[in-house]
Every structure is written in structure tokens, then in C-alpha cells.
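This report refers to the structure that appears directly beneath it.
Since the model is a prediction, treat every value here as computed from it, not as a measurement.
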Amino acid sequence: MPDPPSAHDPHEHHGFRGVGSRILHPFHRHTAEVVPHPGHVVVRLSGEITSENADQIGEGLREVLLTRPPILEIDLAWVTYLSCDGCRAVFIALLAARPHGTRVIVTHADSRTRPTLTQLGLTRVLDIYEETGPYHS
């Protein structure tokens, strides 16, 4: 991944700083990358998602949703651990997305993350894919 630019936009906020940016989580120096795609936005998370950083990640997802994309894709390909408490980030995104009709999907949910999503019942309210979702060309 390219290094973030050295000059910061004065209008940037905490969280994911808008579409097309890369941020560092405050814990364990993990990253989240927001990538615009035609018709939807992809947020690629990495590292551990636990109670320590779930609220900040959730707020970053909520900030991305301010652009009201039709679809928010949460890509878990580089997530090494997802705790039940860490799923609070996904719940925050779901709550923020529903009033605007944004569909939230999860991609690259593998053996490290899928059991937690299943345990919490998120497989009943989200479209969860083991690989890339249907919105990539």
C-alpha cells in the first residue's frame, strides 16, 4: 500500500477521513483503507478488531456512510482476528446505513472472521461472502 500523503486536508475529520484515504487504527498500528468503486464504497480493514478499537472503526464506517453510498462493502481480507465485541463496529455501520437505505455487505469472511459473524447472527442481516462480493467487475 502506498504511504499516506504528508499534507493533510484541513477539512479531514477523525475516523476514515473520507473516501479514498488510508488511516491508522490507534491500536496495534492497523490500517483501514476506503476505496471508491462504481456504485459502492469498499472499506478494507486489517489487523485485530476488538473492543479496544471497535468504536473508532464503527465511527469511521459511519463517517463513510455520510456520503450515502448505495452499498457499503466491509472487506475483512486482512483482518487477523474479529472478537464478538469487535463486531460492534459492524452494528454501528448497520444502524447508520438503514435510515438512508444503504446496503451493508461483508466480503472475504474466512475462518478467522466468519464464526464470530455467525455466532452473533449477523449472517441473517448481512450478505456475507467468502470471496469478493458481486459488485466487482
Side-chain angles (χ1 to χ4, degrees):
M1 284 185 207
D3 290 330
S6 57
H8 295 287
D9 180 350
H11 302 291
E12 289 179 350
H13 301 285
H14 301 291
F16 292 134
R17 300 184 199 159
V19 176
S21 66
R22 180 176 172 225
I23 62 119
L24 294 179
H25 292 213
F27 301 97
H28 311 294
R29 296 182 48 86
H30 297 294
T31 61
E33 180 181 17
V34 181
V35 181
H37 282 273
H40 77 290
V41 173
V42 179
V43 177
R44 294 184 177 131
L45 301 176
S46 69
E48 295 181 359
I49 302 175
T50 65
S51 62
E52 293 177 331
N53 57 11
D55 287 337
Q56 181 177 3
I57 293 168
E59 289 303 315
L61 292 170
R62 188 184 321 201
E63 191 173 307
V64 169
L65 287 164
L66 292 175
T67 65
R68 297 186 181 190
I71 299 164
L72 170 63
E73 176 183 337
I74 302 171
D75 184 338
L76 302 179
W78 297 300
V79 172
T80 57
Y81 176 71
L82 176 63
S83 73
C84 289
D85 290 335
C87 280
R88 186 167 59 243
V90 177
F91 283 110
I92 291 169
L94 276 172
L95 288 173
R98 297 276 168 143
H100 306 295
T102 297
R103 183 175 176 201
V104 179
I105 68 169
V106 174
T107 58
H108 299 102
D110 61 15
S111 61
R112 296 171 297 197
T113 56
R114 186 178 276 277
T116 305
L117 297 168
T118 301
Q119 179 182 0
L120 293 175
L122 286 170
T123 54
R124 289 182 258 155
V125 294
L126 290 171
D127 289 329
I128 299 176
Y129 302 92
E130 288 183 24
E131 298 293 327
T132 302
Y135 303 101
H136 295 274
S137 49

Do you know which two heavy atoms are closest between [X] and [Y], and how far apart they sit?
X: A89; Y: A54; value: CB-O, 3.4 Å
X: A97; Y: L65; value: N-CD1, 3.8 Å
X: T107; Y: D75; value: OG1-CA, 3.4 Å
X: C84; Y: L120; value: O-CD1, 3.6 Å
X: C87; Y: L117; value: SG-CD2, 4.0 Å
X: S83; Y: S51; value: OG-N, 3.9 Å

### Query
More than 12 heavy atoms of other residues, nucleotides or ligands under 6.0 Å from CZ of R112: is that the case?
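Above 12, so yes.
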[atom1]-[atom2] distance between [X] and [Y], expressed to the nearest 0.5 angstrom:
X: D55; Y: R62; atom1: CG; atom2: CZ; value: 9.5 Å
X: R88; Y: L94; atom1: CZ; atom2: CG; value: 14.5 Å
X: H100; Y: L72; atom1: NE2; atom2: CG; value: 12.0 Å
X: H108; Y: R44; atom1: NE2; atom2: CZ; value: 8.5 Å
X: E52; Y: E48; atom1: CD; atom2: CD; value: 8.5 Å
X: Y81; Y: T50; atom1: OH; atom2: OG1; value: 8.0 Å

For the residue pair [X] and [Y], establish whether any side-chain heavy-atom pair is separated by less than 4.5 Å.
X: V90; Y: I92; answer: no
X: I71; Y: V41; answer: no
X: I105; Y: I74; answer: no

#### Entry: Pairs satisfying side-chain hydrogen bond (donor to acceptor under 3.5 Å, both in side chains), at least one member in residues 113-123, at least two apart
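The answer is none; no pair qualifies.
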### Query
Going hydrophobic residue to hydrophobic residue with side-chain gaps under 4.5 angstrom, can you get from V79 over to F91?
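Per the 4.5 Å side-chain linkage, V79 and F91 are co-clustered.
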### Message
Please say yes or no: joined through hydrophobic side-chain contacts below 4.5 Å, possibly via intermediate residues, are I128 and V125 part of one cluster?
### Response
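Same cluster.
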